[in-house]
Amino acid sequence: MKKLVSIKNVIVSLAILIGIWQLLYICSDFSSTLFPSPLQALSALKEMIDNGTLITNIATSMYRFAIGYISSVIIAVLLGLVLGRMPGVFKYVNPSVQLLRPISPTAWMPFIVLLFGIGDLPAIVIIFIAAFFPVLLSTVSAVRNIDPIYIKVSENFGIKQPQLMWKVIFPAAFPQIANGIHLALGTAWIFLVAGEMVGAQSGLGYQIIDARNNVRADILLATIIVIGLIGLLLDTILKIIEKRIPGYVGGDKR
Amino acid sequence: MKIEIKEAGKTYIENGQEFTALKDVNLDIEEGEFICLLGPSGCGKSTLLNAIAGFAPVNHGSIKIDGKEVEKPSEKNVTIFQNYGLLPWRNVSKNVELGLESKKISKEERKKIANRYIELVGLKDYKKSYPRQLSGGMQQRVAIARALAVNPDILFMDEPFAALDAITRMKLQDDILDICKKEKKTIIFVTHDIEEAVYLADRIVVMTPNPGKVKSIVKVPIKHFRERTGDDFLMVRDKIFELFNLKTDNYIEYNI
């Protein structure tokens, strides 16, 4: 029942969004080449599906995203677990992290393109940077915030490293780490498009630039919609995975 | 001789000021004894327990277990905490097995030992349940099973029943006495509940705050599974009340 209601919410919400778009299209003076209607965007979407460009570009983008995001999450979590247990070391690492963190990953873009050239790597590096800091910092704070009683109990039972890390500290910190991983997913997806707009000749971001160059606003908008839908899909998939991990909510399987 | 505590004291430096949490404690505890550390908050009873258990050793005097100075926690002496300390991502079986995992025991043997103690604390039907699905009393039973599973000599209990309702608490008090008899453990039990101390202890260590020290050690000369309303029970309780100056003088004059 709850699920049905939420599906209803989604449909109504999207219908309103498309309605506003259609209304703006009717009211505005722009030519339909520059500001296409929802229907025109839909037919452009169909065109892209039919000639295969959409699938190829999605596949390219997803490949870059998967490599950049997963490698970033793994390295950031491992580093965060270690730094979280070494407050003395983290004191010296933290200032540098705080300096690098507010720099938009796109600011690195020209530098990365100069170093690695155009292709998969710049987009992957951007995604890596985008996901890295939120995951690292949330892991460090998660490890620091775990209930000290878990450590006390482990000490009492003679549980030593590395068992202490993967049997006790990681699972205890996991809910908060997962939170960081989840937030980073959205950020990383946002920066994938930015990365591909500058540093690549393929992928969804490049498709936007390509559509602009060819003055195909209908393809441009269709691509934007696809980017939004994939972002939503990734978020949903992660939510489903999180729910399936035992103990994520203290073992309550709801 | 099991535990020897000599002139034990603990001082902290807090904001540049020295603070004495525990002062000049002298206490010998025999094997198989049930000792209650009783006192109001701030009397150093938990500090003393943590020191004997090795979590925070004393910085004056000495605490020896079997002739060896206590420096860090050991699997031979397991502590049970007020908030249970169960791992919420592990079910009951896995929680009880935790302490066995760092020993060289086969998986089957581990399961067998865990099952034995889960049954001992009466949770046979909850092996696959997660801590959050259990009541506070049941969670504390899991913690007790987990502690017993590693076959310790001493059980330290830090206000283990303080968070439970009165009826559950009394049930668990009986259970812990039962287990104590069956498994022959030395138990050091911290509480601020006078009745609980009188009901459980062979000897009650009465402690007072500012600074935390032992005021008196009261022997309870009644056989276990005591009658909570019996004369001898009330007499011991009375004695403790007196030690805490909780008895009102009966010399009140009435003017009619």
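In what follows, chains are A, B, ... by sequence order, proteins preceding strands, each numbered from 1.
Of the listed residues Q163(A), E155(A), K152(A), K160(A), the one with more heavy-atom pairs under 4.5 angstrom with chain B than any other is K152(A).
From F157(A), atom CZ reaches atom NZ of K103(B) across 9.5 Å, with rounding to the nearest 0.5 Å.
Atom NZ of K72(B) has 12 or fewer heavy atoms from other residues, nucleotides or ligands within 6.0 Å. Remark: Y126(B) OH is loosely packed, at most 12 non-hydrogen atoms of other residues, nucleotides or ligands lying under 6.0 Å away. Around the CD atom of Q17(B), the shell of radius 6.0 Å holds no more than 12 heavy atoms that belong to other residues, nucleotides or ligands. A 6.0 Å sphere centred on NZ of K181(B) holds more than 12 heavy atoms belonging to other residues, nucleotides or ligands. More than 12 heavy-atom neighbours from other residues, nucleotides or ligands sit within 6.0 angstrom of NZ on K127(B).
If you measure heavy-atom distances from V78(B) to chain A, the contacts under 4.5 Å come from both the backbone and the side chain. Contact annotation for N77(B): only backbone heavy atoms (N, CA, C, O) come within less than 4.5 Å of a heavy atom of chain A. For chain A, no part of L100(B) is nearby; none of its heavy atoms comes within less than 4.5 Å.
Using modelled atom types, one side-chain atom of N156(A) and one backbone atom of S74(B) make a donor-acceptor pair closer than 3.5 Å.
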*Does the pair L98(B) and V153(A) meet the rule for a side-chain contact (heavy atoms from CB on, under 4.5 Å), with working shown?*
CA-CA 10 Å; L98(B) 179 74; V153(A) 167; 4.0 Å; yes
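Ring pair W89(B)/Y150(A): centre-to-centre distance below 6.0 Å.
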